[in-house]
Every structure is written in structure tokens, then in C-alpha cells.
Number of protein chains: 2
Amino acid sequence: MKFNDKVPIYYQIKQYVYQEIILGHLKAGQKLPAIRQLAVTLTVNVNTIQRALSELTTEGIIITQRGKGNFVTSDTQLLQALKKRIVTEQFSELYDKMLALKITPAEMVQYLKNYIDQRKEVQHD
Amino acid sequence: MKFNDKVPIYYQIKQYVYQEIILGHLKAGQKLPAIRQLAVTLTVNVNTIQRALSELTTEGIIITQRGKGNFVTSDTQLLQALKKRIVTEQFSELYDKMLALKITPAEMVQYLKNYIDQRKEVQHD
DNA sequence: TATAGTGTAATAGAAAGCTAATACACTATT
DNA sequence: AATAGTGTATTAGCTTTCTATTACACTATA
């Protein structure tokens, strides 16, 4: 797994778990891989995994059962809210950055459309 | 100035300088405040300012004249390209994150519009 | 030429993040 | 009861970032 060296790894792992839940690769109540296994898979130290999972546990997204493993919460409401929260966060960040550059909301939409068109053109090559 | 503790301060200062240039608060050829002054203004150590400016110098955005000060480049082409680069970077990041969540380009546009509408509603309170 | 205002460099130390290694505690299964 | 598979905790050491401090070098000007 590729990590951005400007942001702590444990933080990026949290985001990765969010993503896996949102994509449905991890479902409500499902058991996560063992932390030692995750450490190998993500080529990261066990303590780093621990730190990410401990924050997810604090949020109630992950439930830890000592001796058994880590599980995605069964609180489906919480999981539904998660996707909205994560997606909104991204748009919020973008919006604030654009606003700081005095770019209006209407311009933001136009910039996004233009960017999408550019990507499409490139794909067609 | 508020810094995000998940990202190095020197990196955030770089972004800040980009912003000031894009907004026209710093114009081509203009002298920047002295580094000791910047350090006070941003409540940060001189060395941290140095690191940010040294990277900006490498990019050619800032020209350093020993004993005189730091100046925004007079290369207006470079400065024009800067805004496009910075703005595009933001949309690129957003696009990739949304794609990772299997959100389609059309949905991205809709999400952005919805977010903008939400912000407008809040402002009207 | 002295002085104030600039940038530059180097050193030391603190804090955060990450790794490595080890020991321990709980659970399930044999 | 023993063992294998879990999570938990602790310690030591490395690296990056940031701070603090000091010394130095160049430029402009009184």
C-alpha cells in the first residue's frame, strides 16, 4: 500500500478502513483481519495498526473483543452516516480551499466539470 | 495562523504563499516580508520559514537575493501557470478520492451542488 | 567605516510518528 | 491442561519536524 509521507500512516489507515466499509468490502458485524495480519498486508508495524484501530474504536466504528478480534460495528445507522460524513468532508475541504482563492461556488462547479472532461479526454487515448 | 497538525507546517506555509500570489496580494517582482518578520507573523521559527522558502526557490516561484530579501519571481508565465496548477491539484485529489469510493463523475458534480446548496442554507440563518 | 537589515548555516534538544522486539492477557480448541 | 490465535502494553531507538540559539555573510545607508 502506498502512503503519503505528508500525513501520518495511522491516519491514512483509518481512511482506508472507512473506504472499505463504504465500499461494502467490510460489512456490519464482520470480523477484520487480525492486527498482525493487517500489519503484514499493509507493510506497517503492529503498533501503527493499533493506533488506527484504537481511534476507530473510539468512534464506535470498530468493536474490539479481546482474544477474539476486531469487528465492524453492527450499528447500521452509524455505518450509513459514515459514508455521508466522509464524502461531505471531502467537499467541505475543497469548498474551503476554493473559497480561500476567491473562487465562487458557480466557478467550482465549472472547474469540476472541466476537470472531469479533461480526464475523459485522456482516457480516450 | 492556524495550522493543521496532520501536515508539516513548512508545507502549509508554502501553500499559504501560493495563495497570496494567486490572490494578487503578492505580485510579480514584489518583495516578501523579511524572514524574521514572517516568523513573527506566522508564530513559527525562522528555520521553518526558511524551509518553505527554500522549496519555493527551487520551484522558481521565489527568488532570493542575499542581504536584500526574497522576491516573487518576475516570470509572469510561471505565475499564471501557478493558479491553474494549484486549482487543478485540488480537483484532482477530490476526483481520485471520490473514484476510490466508486462515486461517478456525474455524482461528484451533484454532490458538489448539494454541498453548495447546504452551505447557502446555513448562511441564510 | 560603522551599523542596521537582510539571508545562511550549524548545533542542540524536544516532540511526534514509526519500527522492532518482547512479554503479557484473554479466547477457543484440542 | 496445553496450545494456537487473538488483542494489549512496554521499552528502546530511529527519523522527521520544529524550536531555540548563535554565529556568520552580504547589502544599503548614515
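All values below come from the heavy atoms of this structure, side chains included, with hydrogens, waters and symmetry mates left out. The sequence lines fix the lettering, A, B, ..., with proteins before strands; numbering per chain opens at 1.
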S.K.: Taking the nucleotide of DNA chain D with the closest heavy atom to each, which residue, Pro33(A) or Ile9(B), is nearer the 5' end?
M.R.: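 Nearest-nucleotide comparison on DNA chain D picks Pro33(A).
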S.K.: Arg36(A) or Val7(A): which one's nearest nucleotide on DNA chain C is closer to the 5' end?
M.R.: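 The residue closer to the strand's 5' end, by nearest nucleotide, is Val7(A).
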S.K.: Tell me yes or no: between the side chains of Thr104(B) and Glu107(B), is some donor less than 3.5 Å from an acceptor?
M.R.: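 Glu107(B) and Thr104(B) do have a side-chain donor-acceptor pair below 3.5 Å.
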S.K.: Do we see a donor-acceptor contact under 3.5 Å between the side chains of Asn114(A) and Gln110(A)?
M.R.: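 There is such a pair (donor and acceptor under 3.5 Å, judged by atom type) between the side chains of Asn114(A) and Gln110(A).
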S.K.: In whole Å, I'd like the distance from the CZ atom of Phe3(A) to the C1' atom of dG17(C).
M.R.: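 Distance, rounded to whole Å: 13 Å.
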S.K.: Could you tell me if the side chain of Ile63(A) sits less than 4.5 Å from the side chain of Thr57(A), heavy atoms only?
M.R.: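 SC-SC contact between Thr57(A) and Ile63(A) ruled out.
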S.K.: Enumerate, atom names and distances included, each donor-acceptor pair closer than 3.5 Å involving a side-chain atom of residues 27-40 of chain B, sequence neighbours excluded.
M.R.:
residue, atom, partner, partner atom, Å
Lys27(B), NZ, Gly24(B), O, 2.9
Gln30(B), OE1, Lys27(B), N, 2.8
Gln37(B), NE2, Thr41(B), OG1, 3.2

S.K.: In the structure I gave you, are the side-chain heavy atoms of Tyr95(B) and Pro105(B) within less than 4.5 Å of one another anywhere?
M.R.: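 With C-beta onward as the side chain, the pair touches.
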S.K.: Is there a side-chain contact (heavy atoms from CB on, under 4.5 Å) between Ile116(A) and Lys113(A) once you walk through the steps?
M.R.: CA-CA 5 Å; Ile116(A) 290 170; Lys113(A) 286 180 178 173; 5.6 Å; no
S.K.: Give the residues of residues 39-61 of chain B touching DNA chain C, defined as any heavy atom closer than 4.0 Å, sorted by residue number.
M.R.: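 By residue number: Asn47(B), Gln50(B).
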S.K.: Closer to the 5' end of DNA chain D via nearest nucleotide, is it Gln65(A) or Gly67(B)?
M.R.: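 Taking each residue's closest nucleotide, the earlier one in sequence belongs to Gln65(A).
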S.K.: Quick one about Tyr115(B) and Thr88(A) (side-chain donor to acceptor, distance below 3.5 Å, no hydrogens or angles considered), yes or no?
M.R.: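 The answer is no; no qualifying pair exists.
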S.K.: Using whole Å, report how far OH of Tyr10(A) lies from C1' of dT19(C).
M.R.: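 The answer, rounded to whole Å, is 16 Å.
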S.K.: For Ile35(B) and dA9(C), give me the distance from atom CD1 to atom P, rounded to whole Å.
M.R.: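 Rounding to the nearest Å, CD1 of Ile35(B) and P of dA9(C) are 11 Å apart.
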S.K.: What is the first contacted nucleotide of DNA chain D and what is the last, in 5' to 3' order, if contact means an atom lying under 4.0 angstrom from a heavy atom of chain B?
M.R.: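 It runs dT17(D) to dA28(D).
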S.K.: Expressed as a whole number of angstroms, how long is the span from Lys68(A):NZ to dT27(C):C1'?
M.R.: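 For the pair Lys68(A) NZ and dT27(C) C1', the rounded distance is 7 Å.
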S.K.: State which residue, out of Lys83(B), Glu59(B), Glu89(B), fulfils the side-chain hydrogen bond (donor to acceptor under 3.5 Å, both in side chains) condition with Tyr18(B).
M.R.: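 Passing option: Glu59(B).
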